[in-house]
Undergrad: 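Just dropping this structure here.
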Amino acid sequence: MRVSDTDQITHHGYIQNKDDYLKRLRRIEGQARGLQRMVDEEAYCIDILTQVTAMTKALQAVGLGLLSEHMNHCVLHAAQEGDAAGHVKIQEAMDAITRLVKS
């Protein structure tokens with residue numbers, strides 16, 4: 001949360017879905033613990049890889065959701081402020097997209 005020039009408190013775009021994101025991240029945390037347990041118990045490689053894939057997809061879904069929230073809130077508001085602010089947020093979003101695609 002930050003204070004803008006007009007002394008209004010603004011929130012990040014995901015704030016309305018914060019509880020949903022936290023639930024998903026806790027579920028992913030549980031998946032990571034499950035993976036550790038599988039390795040510790042010497043589970044079959046393919047079974048572990050299947051769970052790695054599921055966890056990766058879950059993380060990607062969180063990332064795409066946050067990116068969507070960012071585009072529809074932060075980038076939109078910056079673009080409404082003016083060209084300079086909009087370009088900064090668009091570049092920031094493009095950098096984030098690049099990192100997501102590379103991962």
Side-chain angles (χ1 to χ4, degrees):
M1 182 164 58
R2 62 191 146 96
V3 179
S4 69
D5 293 337
T6 59
D7 292 334
Q8 292 179 329
I9 296 177
T10 58
H11 299 279
H12 298 293
Y14 65 85
I15 200 74
Q16 292 178 346
N17 298 314
K18 179 180 172 181
D19 290 338
D20 293 335
Y21 283 111
L22 288 172
K23 274 189 230 174
R24 292 169 90 179
L25 290 168
R26 287 184 188 109
R27 198 173 314 126
I28 292 166
E29 183 180 26
Q31 287 177 295
R33 283 193 302 274
L35 281 167
Q36 291 172 17
R37 191 169 35 256
M38 289 177 80
V39 170
D40 186 51
E41 294 171 359
E42 300 177 8
Y44 184 57
C45 301
I46 297 301
D47 293 340
I48 296 170
L49 289 171
T50 299
Q51 292 307 310
V52 167
T53 300
M55 188 174 163
T56 300
K57 287 183 184 276
L59 278 170
Q60 287 172 338
V62 169
L64 288 173
L66 288 169
L67 179 61
S68 177
E69 303 274 4
H70 180 69
M71 296 295 290
N72 288 298
H73 182 266
C74 302
V75 174
L76 179 64
H77 288 283
Q80 291 170 345
E81 289 176 15
D83 284 346
H87 285 295
V88 168
K89 288 295 181 187
I90 289 170
Q91 186 57 53
E92 184 180 74
M94 289 304 302
D95 292 344
I97 292 166
T98 301
R99 288 190 303 271
L100 281 171
V101 170
K102 286 182 181 180
S103 63

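Keep in mind that what you see is a predicted model, and the values were worked out from it rather than measured. Side-chain atoms are counted along with the backbone in the values below, which use heavy atoms only and exclude waters and symmetry mates.
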Undergrad: Counting distance only, does the side-chain N/O of T53 pair as donor-acceptor with the main-chain N or O of L49 below 3.5 Å?
TA: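 Yes, T53 side chain to L49 backbone: donor-acceptor pair under 3.5 Å.
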Undergrad: Running the 4.5 Å side-chain criterion over Ile, Leu, Val, Met, Phe, Trp and Tyr, what cluster does V75 land in, apart from itself?
TA: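 So far as hydrophobic clustering goes, V75 is joined with L67, M71, I90, M94, I97, L100, V101.
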Undergrad: Holding to side chain to side chain contact (heavy atoms under 4.5 Å, CB included), I want the full list of residues that pass it with H87, two or more places apart in sequence or in another chain.
TA: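 For H87, the residues satisfying side chain to side chain contact (heavy atoms under 4.5 Å, CB included) (neighbours in sequence not counted) are D83.
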Undergrad: Does any pair with a residue in residues 92-103 pass salt bridge (charged side-chain N to carboxylate O under 4.0 Å, His left out), and if so which ones, sequence neighbours excluded?
TA: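 Listed by first then second residue: K89-E92.
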Undergrad: Could I get the full list of side chain to side chain donor-acceptor pair (under 3.5 Å) partners for E41, not counting sequence neighbours?
TA: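 Counting only residues at least two positions away or on another chain, E41 forms no side chain to side chain donor-acceptor pair (under 3.5 Å).
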Undergrad: Which pair of non-hydrogen atoms, one from M38 and one from Q51, has the smallest distance, and what is that distance?
TA: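 Nearest heavy atoms, M38 then Q51: SD-CG, 3.7 Å.
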Undergrad: Who are the side chain to side chain contact (heavy atoms under 4.5 Å, CB included) partners of L25, not counting sequence neighbours?
TA: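 Side chain to side chain contact (heavy atoms under 4.5 Å, CB included) list for L25, sorted by chain: I28, V62.
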Undergrad: Sequence neighbours left out, what passes side chain to side chain donor-acceptor pair (under 3.5 Å) with T50? Give chain and number order.
TA: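 Per chain and number, T50 pairs via side chain to side chain donor-acceptor pair (under 3.5 Å) with no residue.
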Undergrad: Using links of under 4.5 Å between side-chain heavy atoms of ILVMFWY residues, direct or through other members, which residues join L76 in one cluster?
TA: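 L76 shares its hydrophobic cluster with no other residue.
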Undergrad: D20: what forms a side chain to side chain donor-acceptor pair (under 3.5 Å) with it, not counting sequence neighbours?
TA: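 Result, side chain to side chain donor-acceptor pair (under 3.5 Å) vs D20: none returned.
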Undergrad: Kindly say whether Q36 contributes a backbone atom to a donor-acceptor pair with the side chain of D40 at under 3.5 angstrom?
TA: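 No, D40 side chain to Q36 backbone: no donor-acceptor pair under 3.5 Å.
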Undergrad: Taking atom CD of E42 as the centre, does the number of heavy atoms from other residues, nucleotides or ligands within less than 6.0 Å exceed 12?
TA: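 For E42, atom CD is not crowded (no more than 12 foreign heavy atoms under 6.0 Å).
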Undergrad: Could you pull out all residues at least two apart from E81 that satisfy salt bridge (Lys or Arg N to Asp or Glu O under 4.0 Å)?
TA: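 Checked E81 against salt bridge (Lys or Arg N to Asp or Glu O under 4.0 Å); zero matches.
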Undergrad: Listed by chain and number, what are the salt bridge (Lys or Arg N to Asp or Glu O under 4.0 Å) partners of R26, not counting sequence neighbours?
TA: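 Listed in chain order: nothing, the list is empty.
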Undergrad: Mind checking the CG-CD spacing from L64 to E69? Nearest 0.5 Å is all I need.
TA: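 If I round to the nearest 0.5 Å, the distance is 12.0 Å.
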Undergrad: Considering residues at least two apart in sequence or located in another chain, which fulfil the side chain to side chain contact (heavy atoms under 4.5 Å, CB included) criterion with A61?
TA: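 With sequence neighbours excluded, A61 shows a side chain to side chain contact (heavy atoms under 4.5 Å, CB included) to R24, given in chain and number order.
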Undergrad: Rounded to the nearest 0.5 Å, how far apart are CE of M55 and CD of E29?
TA: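 With rounding to 0.5 Å, CE (M55) is 9.0 Å from CD (E29).
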Undergrad: Who passes side chain to side chain contact (heavy atoms under 4.5 Å, CB included) against Q60, sequence neighbours left out?
TA: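 Applying side chain to side chain contact (heavy atoms under 4.5 Å, CB included) to Q60 gives T56, K57.
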